Number of protein chains: 2
Amino acid sequence: MHPEFEKYLIANTSLTEDIIRNIGNTATIKTLRRNELLLQAGDICRHKVFIAKGLLRMYSTDANGNEHIVQFSPEHTWTLDVESYDKETPSLINIGATEPTEVLLWTKDDFNRLLNEIPELRKLSQQIISRNIYYSRQRILTTLSGTPEEKYDDFIQRFPNLLSRLPLRMIASYLGMSIKTLTRIRHTQLHR
Amino acid sequence: MHPEFEKYLIANTSLTEDIIRNIGNTATIKTLRRNELLLQAGDICRHKVFIAKGLLRMYSTDANGNEHIVQFSPEHTWTLDVESYDKETPSLINIGATEPTEVLLWTKDDFNRLLNEIPELRKLSQQIISRNIYYSRQRILTTLSGTPEEKYDDFIQRFPNLLSRLPLRMIASYLGMSIKTLTRIRHTQLHR
DNA sequence: GATAAACGTGGTCATTTGACCATAATTGAA
DNA sequence: TTCAATTATGGTCAAATGACCACGTTTATC
């Protein structure tokens, strides 16, 4: 049972100690080193993943070898490839650690059983999904609308703690601009 | 009871005639004219929406008055502002018709009741949500990765029937490029 | 603590893109 | 069917952006 997961459930649900322990003990704990992959494109995503500590990124590599980052998942959030998990088909994306990371993993069978048994876990699950959809929409809008500078500022506002934990090239990749453009923006903002 | 909705449920579930009629009769039918809004930013999204006929677009208007289109919803798909619907908070986006459109509307209470009564509707609901998440991810990736030409080609492949139904400026808005860029691409492709 | 790898910044230059404008064609509403 | 509004295209020009390269710094790992 991971203490961070316990903290998370206490803060986000009104589940009893017992049930929390039940959920937590069903999971396996996995430690990832920097750059280690949790899910590799081509493999099937077989777990729900809670990030207890550290930082994951979900990304895909295009034909030219460029990486495009779909999302970052810091501690106290969840991640998985929904499509691959649901249909048990090979995933098209990678999920990897950008720093030493600890995750909790539930198999589909186990997690479904927990969902059946625990109504409040269902509720939490729904919330996470709604938030996911909402974030995706926001991300699409930000990607479409702003100038590179606005996107960068938006990123800093939205994830103030990630800036110092990630190499700039990953932020550039997430924002859909070249590193050059990003450093130009930073240069301009310094001298202003 | 709208015949298109019946068709849709028959094709996508194994629900009985009776139940299908029950679901359909709970909805109200609304007709939208071209450019008419189904949901206006600031209002609360109070319905689940099935598009029986026509085409909706979800978009937001930025500070400069530019429209950015998040998604198109053609016949036999669903749409709503999840955030606003769930929390009953004012929506930040608009949903409007790009052509004469017929939609079916369920209030939250009614739809939740149906969800409770009909397990297979729950299943369908889950599927729609998964697909939504998956599409969003694909959309983010496409927006990040390709050249404008690749994005345009991708759009045509993915929505072959929408090209002729939408003004180019909306496609440009959806793809995050200026109309100029889009017509340039079309020009190039013609002379090749 | 040493060393190789990764990283952030900056210069240059070619290319792409958008803003503004005009015009012809198409569309939709009366 | 007609007429006004919308739409698609194209010209021009300035600005933004990315590719390539080099250099000094920081970081990770042994």
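Just so it is clear, the model here is predicted, and its values are computed rather than measured.
Nucleotide C/dG8 holds its P atom 14 Å from the CG atom of A/Leu190, rounded to whole Å. When the C1' atom of D/dG18 is taken as reference, atom CD1 of A/Ile179 falls 11 Å away, rounded to whole Å. Rounded to an integer number of Å, the gap from CG of B/Asn35 to C1' of C/dT27 is 13 Å. Rounding to whole angstrom units, CD of residue B/Glu99 and P of C/dT27 are separated by 14 Å. In this structure, A/Ile185 atom CD1 and D/dG18 atom P are separated by 9 Å, rounded to whole Å. Taking atom CG of A/Asn66 as the reference point, atom P of D/dG18 lies 11 Å away to the nearest angstrom. Rounded to whole Å, the distance from CD on A/Glu36 to P on D/dT29 is 12 Å. Protein atom CZ of B/Arg33 is 11 Å distant from nucleotide atom C1' of C/dA29, rounded to whole Å.
The aromatic rings of A/Tyr8 and A/His76 stand perpendicular to each other, their planes meeting at an angle above 60°, with 30° marking the opposite boundary.
Rounded to the nearest 0.5 angstrom, A/Gln71 CD and A/Asn132 CG are separated by 6.0 Å.
Nucleic acid contact for B/Leu182: none, since no nucleic acid atom lies under 4.0 Å from a heavy atom of the residue.
Residue A/Ser178 places at least one side-chain N or O closer than 4.0 Å to OP1 or OP2 of D/dG18. The side chain of B/Arg184 places no N or O atom within less than 4.0 Å of a non-bridging phosphate oxygen (OP1 or OP2) of D/dT9.
Taking for each of B/Lys180 and B/Arg169 the nucleotide of DNA chain D with the nearest heavy atom, the 5'-most of the two is the partner of B/Arg169. Remark on DNA chain C: of its neighbouring residues B/Thr181 and A/Arg186, the 5'-side contact belongs to A/Arg186, judged by nearest-heavy-atom nucleotide. Remark on DNA chain D: of its neighbouring residues B/His187 and B/Met170, the 5'-side contact belongs to B/Met170, judged by nearest-heavy-atom nucleotide.
Within the cation-pi definition used here (under 6.0 Å to the ring centroid, within 45° of the axis), B/Arg139 qualifies as a partner of B/Tyr174.
Between B/Asp153 and B/Gln189, the side chains place a donor N or O and an acceptor N or O closer than 3.5 Å (distance only, hydrogens not considered). Counted by atom type alone, B/Asp81 and B/Ser91 present one or more donor-acceptor pairs between their side chains at under 3.5 Å.
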